[in-house]
Amino acid sequence: MVDSARLSLHVPEPAVRPGGQPDFSNVRIAKAGAVPRPEVDVASEDIRDLAYSIIRVLNRDGEAVGPWAGSLSDEELLTGLRNMMKLRAFDARMLMAQRQGKTSFYMQHLGEEAVSCAFRKALEKGDMNFPTYRQAGLLIADDYPMVEMMNQIYSNESDPLRGRQLPIMYSSKEHGFFTISGNLATQYVQAVGWAMASAIKNDSRIAAAWIGDGSTAESDFHSALVFASTYKAPVILNIVNNQWAISTFQGIARGGSGTFAARGLGFGIPALRVDGNDYLAVHAVARWAAERARRNLGPTLIEYVTYRVGAHSTSDDPSAYRPKTESEAWPLGDPVLRLKKHLIVKSVWSEERHVQAEAEIMDEVIEAQRQAEAHGTLHAGGRPSVRDIFEGVYAEMPPHIRRQRQQAGY
């Protein structure tokens, strides 16, 4: 018998631990404007390189350069800046509300605002998002009332979901926001199924699936890619790579694929990586993928390279697993500040106007919060009514329940 070395298990580890010096040397960043923009009907094997590069539009001087630039007007960019600022102000107030005991739980978007706010502007009315808990920008950018969002967070008497969801797990069919699933990754399969149904009905609407880097390790993610590629579903498969899952770095879920976008290549799905802190780049890539889906060319997988500045949730302490100063070292900067700089370079914005806008937006958010907190508590008497139990469960109230209500004098 030949002696052989003992086996050992490989467990990936982050390059830096708490107390260490932040290091992002492994994030290879392409020069702004350097990545080509292919035709929408391109074959996945012809753009393999795009799964390993990073599409950028804004350069270090705040200028929009390259083939992906030019998809938005000045007015649209100003709207995008205000939407990101509003989401950031909303986050700040709701985080404070949680600390004050007004709600049990909150998850903020700090540093990731461009991903959802810009993406929403590439969709059309009737398209459906299947989001995770960090895409509230999809609602903000579609002018969904902040008061309604806060009502849901507080689970008050005006909560549109009647207390049936955790705080921040919004739902709005009208605004193309499928109710958030607390079971991570299940929304990916749902999005593909919804897109397939749209195609079966010969409809014109497309779907967008959302997932975080950590959840791509779930089997539902891979099942979704199988069905999307096999049936060429009109769906955009979004992966938000913010570098950290709840307490583990991205290397645990990424495996040996090199990038998350590269996961799509094995399924024959065109895959791209984009600077998730570049509002213009996110919008341009999202619009490219949406056009592919509408032209019946099948799915596109997009990896947004960004950074989660805050904690995973109000139940998380990131200082336990990453350096406290890591967010300051993130090489792709702050999405709000980058778009602000671009608009100033274009002479359509200024530092003074930005300060004024911050105050105006915060006043708007505070007023929405005042209105939401004026509503009473859901089930204030401690016992839900029959209406609360069955509303939204049955399309029509069952006859025996109707009789019981009548007998009870409802």
Side-chain angles (χ1 to χ4, degrees), residues 81-117 131-141 144-156 158-161 163 165-171 177 180 182 210 212 214 240 242-247 276-277 306-328 330 333-337 354-355 357-375 377-378:
L81 178 62
R82 290 188 67 90
N83 286 335
M84 289 197 293
M85 293 170 69
K86 185 181 293 186
L87 178 56
R88 186 164 291 189
F90 182 93
D91 268 353
R93 294 300 300 185
M94 291 298 96
L95 188 62
M96 184 185 300
Q98 192 278 333
R99 298 305 188 203
Q100 294 170 340
K102 296 177 180 178
T103 182
S104 61
F105 182 75
Y106 191 71
M107 305 183 82
Q108 60 177 328
H109 307 71
L110 189 60
E112 301 179 40
E113 294 91 349
V115 175
S116 55
C117 287
T132 71
Y133 36 68
R134 225 180 299 277
Q135 275 85 54
L138 296 170
L139 292 173
I140 294 286
Y144 185 77
M146 285 189 294
V147 175
E148 291 294 289
M149 296 171 70
M150 293 177 181
N151 288 340
Q152 195 279 325
I153 290 170
Y154 291 143
S155 292
N156 62 26
S158 295
D159 175 5
L161 302 184
Q165 269 282 29
L166 288 169
I168 61 87
M169 292 193 174
Y170 318 104
S171 177
F177 196 95
I180 297 175
W210 293 87
V240 182
N242 62 15
Q243 312 306 307
W244 290 94
I246 187 167
S247 59
N277 290 18
T306 182
Y307 186 83
R308 168 168 61 78
V309 176
H312 178 79
S313 73
T314 49
S315 302
D316 175 45
D317 177 12
S319 66
Y321 52 83
R322 70 186 190 190
K324 289 184 178 181
T325 59
E326 189 176 78
S327 64
E328 300 169 15
W330 177 241
D334 180 297
V336 174
L337 297 182
H354 192 82
V355 171
E358 283 181 323
E360 293 170 352
I361 289 168
M362 185 56 77
D363 286 346
E364 184 183 349
V365 174
I366 291 173
E367 174 57 23
Q369 185 177 7
R370 185 195 65 77
Q371 294 178 30
E373 292 181 0
H375 293 292
T377 305
L378 185 64

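Among residue pairs with one or both ends in residues 319-328, none qualify as salt bridge (charged side-chain N to carboxylate O under 4.0 Å, His left out); sequence neighbours excluded.
Here Ser327 pairs with Tyr307, Val309 under the side chain to side chain contact (heavy atoms under 4.5 Å, CB included) rule; sequence neighbours left out. With sequence neighbours left out, the side chain to side chain contact (heavy atoms under 4.5 Å, CB included) criterion links Leu166 to Met169. Residues satisfying the side chain to side chain contact (heavy atoms under 4.5 Å, CB included) criterion with Ser171, sequence neighbours excluded, are Leu161, Thr179. Partners of Trp244 according to the ring pair (Phe, Tyr, Trp, His ring centres under 6.0 Å) rule, which considers only residues two or more places apart in sequence or in another chain, are Tyr321. Partners of Phe177 under the ring pair (Phe, Tyr, Trp, His ring centres under 6.0 Å) rule, at least two apart in sequence or in another chain, do not exist in this structure. Applying the side chain to side chain contact (heavy atoms under 4.5 Å, CB included) rule to Met149 yields the partners Phe90, Ala136, Leu139, Ile140, Tyr144, Tyr170; only residues at least two apart in sequence or on another chain are considered. For Glu112, the side-chain hydrogen bond (donor to acceptor under 3.5 Å, both in side chains) partners two or more places apart in sequence, or in a different chain, are Asn242. Residues meeting the ring pair (Phe, Tyr, Trp, His ring centres under 6.0 Å) test with Tyr106, sequence neighbours left out: none. Partners of Thr132 by side-chain hydrogen bond (donor to acceptor under 3.5 Å, both in side chains), not counting sequence neighbours, listed by chain and number: Gln135. When the side-chain hydrogen bond (donor to acceptor under 3.5 Å, both in side chains) test is applied to Ser319, the partners found at least two apart in sequence or on another chain are Asp317.
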For residues 95-102, tabulate all N or O donor-acceptor pairs below 3.5 Å that involve a side-chain atom, not counting sequence neighbours.
residue : atom : partner : partner atom : Å
Gln98   : NE2  : Ser104  : O            : 3.4
Gln100  : OE1  : Lys102  : NZ           : 3.2
Lys102  : NZ   : Glu373  : OE1          : 3.4
Lys102  : NZ   : Glu373  : OE2          : 3.3

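The CD atom of Gln108 sits 12.0 Å away from atom CD1 of Ile168, with the distance rounded to the nearest 0.5 Å.
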